[in-house]
Amino acid sequence: GQQLNQSPQSMFIQEGEDVSMNCTSSSIFNTWLWYKQDPGEGPVLLIALYKAGELTSNGRLTAQFGITRKDSFLNISASIPSDVGIYFCAGQSTDSWGKLQFGAGTQVVVTP
Amino acid sequence: NAGVMQNPRHLVRRRGQEARLRCSPMKGHSHVYWYRQLPEEGLKFMVYLQKENIIDESGMPKERFSAEFPKEGPSILRIQQVVRGDSAAYFCASSFAGNQPQHFGDGTRLSIL
C-alpha cells in the first residue's frame, strides 16, 4: 500500500527562527494538504495544493507541491509561540477520492 | 459556529457495550468522512459517506463497526461490543465535494474501561 513519510518527527526552535518540514509518498498524489492540530482539538486546514510545482502561501506559511507529485514541504517563517502544535501533511490520490492519507506529524515546540 | 460538530466530546464505555458517535457536517457539505487517531499518530481513514450512501469503507474494520449518513440528521459511527483496542480519538470531517478540502471537527475521545 501507499506509504507517506513525514519528517522531522519533532523540532525545538527559538522564537523568530524558520521551520521546515516535508512529506514524501511512495506513490503519486493529486492533492496535498497541510493541517495543524492543537491538543484536544481537530486538525485545522492550513494550505491546500492541487498542481505539481504549485507554491502557495498563507501568511507566514508557505507550502509547495513537488514536481514528481510524490512530495510536499511546509515552511513557517519567523516562528512565534502560537506556532506550537503538531503539523500533519495529508495526500489524496485520484483512485481514492475522499480518502486522505496522513503523515505521522511533526511536533513543533517554540521557545521564547 | 458553522463548523463540523461532533458529540459527545468524551465517551466512556465498558467492554461489550455499544458506542455511538455523532457528526453534523458544515453547512452546505454533503460529504462526510470518519478517521481514527491513536496517541502520537496521524489520522487513519475509516469511511467516506455521502447522503444515504457509503462511498468508500475500505478503512472500516470488518466487524462491529458501521457508519451511516441518513437523509436527515447527523452521520453516526457505531461501534458494537467495544473492546479496549477501540480506545482512540475519532474525528469526522466534511467537504463540499469529494475532491475539495476536508474540514475537521474536534473529535470524540472514546475510552473503554
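Within every chain, numbering begins at 1; the chains are lettered A, B, ... in the order of the sequence lines, protein sequences first and strands thereafter.
If you tally non-hydrogen atom pairs under 4.5 Å between each of Arg9(B), His103(B), Gln102(B), Gln100(B) and chain A, the highest count goes to Gln102(B). Among Gly98(A), Gly105(A), Gly103(A), the residue making the largest number of heavy-atom pairs under 4.5 Å with chain B is Gly98(A).
In this structure, chain B has no heavy atom under 4.5 Å from any part of Gln6(A). Proximity to chain A is absent for every atom of Ser95(B), based on heavy atoms less than 4.5 angstrom apart. For chain B, the nearby part of Leu45(A) is the side chain; its heavy atoms alone come within less than 4.5 Å. Only the side chain of Gln92(A) comes within contact range of chain B, with heavy atoms under 4.5 Å apart. At a 4.5 Å heavy-atom cutoff, the contact between Glu41(B) and chain A is made by backbone atoms alone. Residue contact with chain A, scored on non-hydrogen atoms closer than 4.5 Å, is absent for Gln6(B). Residue contact with chain A, scored on non-hydrogen atoms closer than 4.5 Å, involves the side chain of Asp56(B) exclusively.
Using a 30° and 60° split on the angle between ring planes, Phe102(A) and Tyr35(A) fall in the tilted class, from 30° to 60°.
A donor-acceptor distance shorter than 3.5 angstrom exists from the side chain of Asp106(B) to the backbone of Gly42(A), with no hydrogens or angles considered.
With values rounded to the nearest 0.5 angstrom, His31(B) atom NE2 is found 11.5 Å from Lys51(B) atom NZ.
Using a 4.0 Å cut-off between charged side-chain N and carboxylate O, Asp83(A) and Arg60(A) make a salt bridge. The pair Arg84(B)-Asp86(B) does not count as a salt bridge, with every side-chain nitrogen at least 4.0 angstrom from each carboxylate oxygen.
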Query raised in the report: Step by step, would you call Gln37(A) with Gln37(B) a side-chain hydrogen bond (donor to acceptor under 3.5 Å, both in side chains)?
Result: CA-CA 12 Å; Gln37(A) 185 176 28; Gln37(B) 185 178 35; 3.1 Å; yes
Query - Tyr35(B) and Phe104(B): CA distance, side-chain angles, deciding distance, ring-ring contact (aromatic ring centres under 6.0 Å, His included) verdict - result: CA-CA 10 Å; Tyr35(B) 293 81; Phe104(B) 285 81; 5.4 Å; yes
